[in-house]
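Written out below as structure tokens is the structure these notes cover.
A note on names: the letters A, B, ... follow the listed sequences, proteins ahead of strands, and every chain is numbered from 1.
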Amino acid sequence: MPELPEVETTRRGIRKHVEGQTVKAVIIRQHKLRWPIPSTLNKTLARQRIHSVTRRAKYLLLGTDVGHVILHLGMSGSLRILDHSVPAEKHDHIDFVFNNGQCLRLRDPRRFGAVLFCRDDPYQHKLLKSLGPEPLDKHFDAKHIFDLSRKRKVTIKSFIMDSKIVVGVGNIYASEALFRAGIHPKRAAGKVSKEKYHLLVSVIKDVLKEAIKAGGTSLRNFTQSDGKPGYFKQALNVYGRKSEPCPNCKKPITQSVIAQRSTYYCTQCQK
DNA sequence: TTAATCACCTGAGGGC
DNA sequence: TGCCCTCAGGTGATTA
């Protein structure tokens, strides 16, 4: 399940294979993703050179002279670089075929992902323009998040997962960051002290950096662009560890549902 | 404006 | 072994 580290790992993996390549064809096998893939994409991108592979939040942007492809991996999406002669399998929905014979192939069993095209500034696209700061950017700091949290009654976990507050903190890393910061996930965002927000911002950055370094979290079906799994799962303290002893106090990890998402925490260490 | 809920989708895993 | 059911989860849209 791709979160920000998985998307960044994917970006780094595909970048060297995609930047500078010229699109020969776009083969769409399944138009129905989260939103329909534009049927004119092949015509639009044919003979276009991809000059950049960038990321904003969990969106990947493929830059060309005529506009940007906006890619989202949703819940189960993955991108791989393959020789185009490799037969497509079930759930391989779209190929960006390059002149060198390779292709960028999107697989997405659950089809929560998206492939869109934007001719204008992609950062003004309706999906991107209201997003909060990048978590690893200097603009994401304790003052920013503390100021926005005042009088907010929503749980701190939902708050840090809100992309208008900060992008890229998904369910796994929200649980991990709150554990490291010693904050109970059901605490109201407006009741968390400035000191705790200082710590929380710091551990969010740490968790995401460590996960990127480890190649993401391989849960169920995430693989890197070369097909290898991520290794951050081994470093998770609480996520997916219901009833296992807390790494700090040995009390069993609790699981409950917050905002319709499984949440893991230690009732002893997180207040 | 804020908070909560719904909808989309399919593979994995458990129970029988 | 096969069938059925539940769970998982990112995020925009909808509702309260």
### Query
What is the minimum heavy-atom distance between K24(A) and A46(A), and which atoms define it?
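Closest heavy-atom pair between K24(A) and A46(A): O-CB, 4.4 Å.
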Which whole-number value in Å describes the distance from [X] [atom1] to [N] [atom2]?
X: K151(A); N: dT2(B); atom1: NZ; atom2: P; answer: 11 Å
X: K242(A); N: dC7(C); atom1: NZ; atom2: P; answer: 11 Å
X: L33(A); N: dT11(C); atom1: CG; atom2: P; answer: 15 Å
X: Y173(A); N: dG10(C); atom1: OH; atom2: P; answer: 11 Å
X: Q260(A); N: dT15(C); atom1: CD; atom2: C1'; answer: 13 Å
X: K153(A); N: dT1(B); atom1: NZ; atom2: P; answer: 17 Å
X: K157(A); N: dA4(B); atom1: NZ; atom2: P; answer: 13 Å
X: R110(A); N: dC7(C); atom1: CZ; atom2: C1'; answer: 9 Å

### Query
Under the 3.5 angstrom rule, does the side chain of D95(A) hit a backbone N or O of V97(A) as a donor-acceptor pair?
no
### Task
Check whether the aromatic ring of F112(A) stacks on the base of dT11(C), taking stacking as ring centres less than 5.5 Å apart and planes within 30° of each other.
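No, aromatic ring not over the base.
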Which part of the nucleic acid, if any, lies within contact of [X], taking any heavy atom under 4.0 Å across all strands shown: a base, the sugar-phosphate backbone alone, or nothing?
X: F159(A); value: nothing
X: S262(A); value: sugar-phosphate
X: K126(A); value: sugar-phosphate

#### Entry: Sequence-distant partners of H93(A), side-chain contact (heavy atoms from CB on, under 4.5 Å), two or more places apart
Q30(A), L33(A), H91(A), D108(A), R111(A)
Taking the side chain of [X] as heavy atoms from C-beta outward, which of [options] is closest to it?
X: Y59(A); options: dG12(C), dT2(B), dG11(B); answer: dG12(C)
X: Q255(A); options: dA8(C), dT10(B), dT11(C); answer: dA8(C)
X: H72(A); options: dA3(B), dG12(C), dG10(C); answer: dG10(C)

### Base dT11(C) paired with R34(A) side chain (donor-acceptor, <3.5 Å)
yes
### Any N/O donor-acceptor pair, R261(A) side-chain to dT11(C) base, under 3.5 Å
yes
### Task
Please check if V203(A) and I165(A) belong to a single hydrophobic cluster, counting links between Ile, Leu, Val, Met, Phe, Trp and Tyr side chain heavy atoms closer than 4.5 Å.
yes
### Query
Is there a side chain to side chain donor-acceptor pair (under 3.5 Å) between Q48(A) and T22(A) once you walk through the steps?
CA-CA 5 Å; Q48(A) 289 298 320; T22(A) 299; over 6 Å; no
### Task
Step through it carefully: locate the ring centre of Y265(A), locate the ring centre of H184(A), and say whether they are under 6.0 Å apart.
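Y265(A) vs H184(A): aromatic centres under 6.0 Å.
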### Query
At what angle, to 10 degrees, do the two end axes of the helix from dT2(B)-dA16(C) to dC16(B)-dG2(C) meet, given five pairs define each axis?
50°
### Query
Reckon K164(A) has a side-chain N or O less than 4.0 Å from the OP1 or OP2 of dT11(C)?
no
### Query
Would you say dG11(B) has OP1 or OP2 under 4.0 Å from some side-chain N or O of H91(A)?
yes
### Query
Got more than 12 heavy atoms from elsewhere within 6.0 Å of CZ, R150(A)?
yes
### Non-neighbouring partners of D65(A) that pass salt bridge (charged side-chain N to carboxylate O under 4.0 Å, His left out), sequence neighbours left out
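Checked D65(A) against salt bridge (charged side-chain N to carboxylate O under 4.0 Å, His left out); zero matches.
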